[in-house]
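What follows is a set of notes on a single structure, which appears directly below.
All of these numbers come straight from a predicted model, not from anything done at the bench. Along the sequence shown, the residues carry numbers beginning at 1.
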Amino acid sequence: MSQMLKDTITAGVIGTLATYLPIWQWEGTRWMGAIALSVATWIILVAMEPEPNKKGS
């Protein structure tokens, strides 16, 4: 499985489950919060990926 697919799945799970935290009051907009948190998590995960080694260059 590619790293990008793993990051996408992880971001989706984190974003969806984070909306159930009791520190937020989601009055009917839980799905929008889940999408926003998923996108933010995905961006962070992709930004933290190590650079591939370029041997021979």
### Task
Taking side chain to side chain contact (heavy atoms under 4.5 Å, CB included) as the test, write out the residues that go with Ser38, two or more places apart.
none
### Message
Please report the interatomic distance CG(Leu45) to CD1(Ile9), rounded to the nearest 0.5 Å.
### Response
12.0 Å
### Task
Output all residues satisfying side chain to side chain donor-acceptor pair (under 3.5 Å) with Thr8, sequence neighbours left out; order by chain, then residue number.
Trp42
